[in-house]
Trainee: 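This structure is in structure tokens; I'll ask about it shortly.
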Amino acid sequence: MQAAIFSFHTSPPSLPLSFNTRRPNSTLFFYPNVRDRPSSLTFSRRLLCKPPAGKYISDDYLVKKISADDLQELVKGERKVPLIIDFYATWCGPCILMAQELEMLAVEYENNALIVKVDTDDEYEFARDMQVRGLPTLYFLSPDPNKDAIRTEGLLPIQMMRDIIDNEL
């Protein structure tokens with residue numbers, strides 16, 4: 001068996017490379033850079049099936065699911081209490097555990113903190129723009145606009161969340 005060696009130091013061929021496959025006129029285009037690829041070849045993200053909706057979110061929960069537009073309005077507006085944003089997915093096991101802790105935290109800080117959820121499957125572009133790489137991701141926003149937001153990734157103990165709300169915000 002021979003190994004093929006490709007050199008990427010040369011310019012891409014101006015004509016497509018032909019291959020003999022089952023279809024006699026099939027061609028393969030070589031694009032060394034993704035940016036050189038024609039726009040018709042760009043791929044969009046498509047879900048194979050819709051994730052289960054609302055299994056772990058009920059109307060009587062204190063932590064409400066909101067859309068990206070609602071969240072942007074909430075962040076821009078005046079707030080007297082800290083805002084905690086939970087980026088989650090319905091299929092994520094640690095997110096389900098975090099949801100239980102956030103509900104307990106919402107009961108404890110009923111009027112002293114506002115906790116909301118954003119589903120990363122529904123708001124994929126917004127989660128990407130917010131640089132959500134792992135789930136669950138929490139953002140802690142102070143009502144003071146001069147303080148920086150605190151970002152955490154992964155399962156967080158409830159005591160650590162209390163310490164962030166009480167001491168850092």
Trainee: Measuring from L169:CG to L83:CG, what's the distance to the nearest 0.5 Å?
Mentor: 10.0 Å
Trainee: Quick one: are T152 and T137 in side-chain contact, heavy atoms under 4.5 Å?
Mentor: no
Trainee: If only atom types and distance count, is the side chain of R151 paired as donor or acceptor with the main-chain N or O of Q131 below 3.5 Å?
Mentor: yes
Trainee: Once rounded to the nearest 0.5 Å, what's the spacing between atom CD of E108 and atom CG of L102?
Mentor: 12.0 Å
Trainee: Taking atom CG of L141 and atom CD1 of I150, what is their separation to the nearest 0.5 Å?
Mentor: 9.5 Å
Trainee: What verdict does the side-chain contact (heavy atoms from CB on, under 4.5 Å) test give for E153 and V132, after you've listed the backbone C-alpha separation in whole Å, the side-chain angles of each residue and the deciding distance to 0.1 Å?
Mentor: CA-CA 8 Å; E153 191 172 299; V132 175; over 6 Å; no
Trainee: Any side-chain heavy atom of K117 within less than 4.5 Å of one from M98?
Mentor: no
Trainee: Got L71 and V75 here, is their nearest side-chain heavy-atom distance under 4.5 Å?
Mentor: yes
Trainee: Tell me, do K65 and V118 make a side-chain contact under 4.5 Å, heavy atoms counted?
Mentor: no
Trainee: Would you please classify the geometry between the F87 ring and the Y139 ring as parallel, tilted or perpendicular, with 30° and 60° separating the classes?
Mentor: perpendicular
Trainee: Using 4.0 Å as the upper bound for N to carboxylate O, is an ion pair formed by E168 and K147?
Mentor: no
Trainee: Does the E103 side chain pair with the main chain of V63, one donor and one acceptor, at a distance under 3.5 Å?
Mentor: yes
Trainee: Got Y109 and V81 here, is their nearest side-chain heavy-atom distance under 4.5 Å?
Mentor: no
Trainee: Taking it one step at a time, do V116 and D86 satisfy side-chain contact (heavy atoms from CB on, under 4.5 Å)?
Mentor: CA-CA 6 Å; V116 295; D86 175 28; over 6 Å; no
Trainee: Rounded at 0.5 Å granularity, tell me how far CE in M160 sits from CG in L155.
Mentor: 10.5 Å
Trainee: I115 versus L62: any side-chain heavy-atom pair under 4.5 Å?
Mentor: no
Trainee: Return the CG to OG1 distance between L135 and T120, rounded to the nearest 0.5 Å.
Mentor: 4.5 Å
Trainee: Does atom CD of Q159 have more than 12 heavy-atom neighbours, drawn from other residues, nucleotides or ligands, at distances under 6.0 Å?
Mentor: yes
Trainee: Looking at every heavy atom in both E101 and P157, which two are closest together, and how far apart are they?
Mentor: OE1-C, 3.9 Å
Trainee: Report yes if some heavy atom in the side chain of L114 is under 4.5 Å from a heavy atom in the side chain of I84; otherwise report no.
Mentor: no
Trainee: Do P82 and S142 have side chains that approach each other closer than 4.5 Å (heavy atoms only, starting at C-beta)?
Mentor: no
Trainee: Which atoms form the tightest heavy-atom contact between R79 and L74, and what is the distance?
Mentor: NE-O, 3.6 Å
Trainee: About how many Å separate CG of D148 and CZ of F140, when rounded to the nearest 0.5 Å?
Mentor: 15.0 Å
Trainee: Is a donor from one side chain sitting under 3.5 angstrom from an acceptor on the other, for D129 and Y124?
Mentor: no
